[in-house]
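Order of listing sets the numbers, starting from 1, for every ligand and every atom in it. These numbers come from the heavy atoms of this one structure, side chains and all, not from hydrogens, waters or symmetry mates.
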Amino acid sequence: MASRTRNVKTLRTVKDIRKAVQLWRKAGEPVALVPTMGALHNGHLTLVRAAQAKAKRVVVSIFVNPTQFAPTEDLARYPRDEAGDLAKLASVGADLVWAPEPAEMYPEGYATMIDVKGAALGLEGEFRPHHFGGVATVCCKLFSQVTPDYALFGEKDFQQLAVVRQMVRDLNLPLAIVGVPTVREADGLALSSRNRYLGPEERAIAPALNAALLTVAEKIAGGGRAGVAVKSAITAVERAGFTKVDYIAVRDAETLGEWKPSSGRPGRVLAAAWLGRTRLIDNVPIAAVKS
Ligand code: PAF
């Protein structure tokens with residue numbers, strides 16, 4: 001298929017994005033939003049394509065959200081490449097880019113944050129205690145600015161997807177959240193903007209995380225005990241060269257609470273681990289457990 005190479009219109013003020021979306025709404029055109037922090041890769045472009053299958057108009061937001069980073073985290077060095085991002089979005093035919101400056105999103109005197117619990121507790125919530133409050137706050141603002149019918153999120157950030165779904169449910173926000181399966185490299189590494197931090201040696205080690213999660217899922221689906229499977233996965237990941245494992249955990253795929261194979265509910269294996277200064281996360285589904 002021929003690629004579309006026109007420029008994508010980029011808006012930077014709330015007034016302008018509201019006006020543009022209102023025109024589509026008046027014309028009866030459904031709108032989908034793909035929220036991103038830029039440094040776009042094929043995973044993001046897959047989200048755009050999935051959004052195009054849902055709605056006539058697709059807005060992609062690019063905003064590196066300071067409220068979801070702790071002071072010790074990588075906000076300052078988070079990769080930024082707006083020109084490259086715009087070229088990629090033009091090639092897949094996105095309709096509009098919403099790229100506000102931090103002062104437009106959080107003007108002087110800004111004082112409101114969403115307090116998340118439920119799906120936000122534990123896992124990432126334990127290691128990054130303020131992260132999901134910042135994610136929920138910025139997503140709520142993006143939804144109110146863009147007023148989309150759909151917002152699409154990658155399953156790579158599986159807990160984020162659950163937190164956003166819960167917020168939309170709890171606050172009765174008028175849009176549907178759509179999860180899109182993780183896009184991976186041929187060796188299993190989940191695509192992530194942070195993969196570009198990895199040196200060649202680290203890049204070679206990185207797929208070991210996905211391999212270990214698949215082994216855990218396979219063992220549990222075959223009737224193995226989750227605790228035992230997780231323990232050997234942590235050993236395998238450390239032996240492969242990961243510096244530190246924050247967690248490998250087996251959870252209910254919807255609530256992210258405790259999961260029992262006998263429950264008949266879908267289960268998920270989730271992990272976060274460090275390769276030098278880079279923290280990678282990943283997750284895989286557990287197939288129906290053999291009884
Ligand atoms: O997944 C991300 O890139 C970010 O957490 C999001 C959803 C764009 C909010 O800043």
Find all atoms of ligand 1 within a distance of less than 4.0 Å from any non-hydrogen atom belonging to [X], and give their numbers and elements.
X: Gln68; value: 4 (C), 5 (O), 9 (C), 10 (O)
X: Val138; value: 9 (C), 10 (O)
X: Met37; value: 3 (O), 4 (C), 8 (C), 10 (O)
X: Pro35; value: 8 (C)
X: Gln160; value: 1 (O), 2 (C), 4 (C), 5 (O), 7 (C)
X: Phe153; value: 7 (C)
X: Thr36; value: 8 (C)

Discussion item. Less than 6.0 angstrom from the centroid, inside 45 degrees of the normal: does Arg251 satisfy that with respect to the ring of Phe158?
Written reply: no
Run the salt-bridge test on [X] and [Y] with the 4.0 Å N-O cut-off and return the result as yes or no.
X: Arg80; Y: Glu82; answer: no
X: Asp149; Y: Lys56; answer: no
X: Arg128; Y: Asp246; answer: no

Worksheet item: Between Val237 and Ala273, which heavy-atom pair has the shortest distance, and what is it?
Response: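 Between these two residues, the closest heavy atoms are CG1-CB, 4.4 Å.
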Worksheet item: Relative to the ring of Phe153, is the ring of Phe143 parallel (under 30°), tilted (30 to 60°) or perpendicular (over 60°)?
Response: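 Aromatic pair Phe143/Phe153 classed perpendicular.
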Item to complete: Report the part of Val164 (side chain from C-beta onward, or backbone N, CA, C, O) that has a heavy atom under 4.0 Å from ligand 1; answer both or neither where that applies.
Response: neither
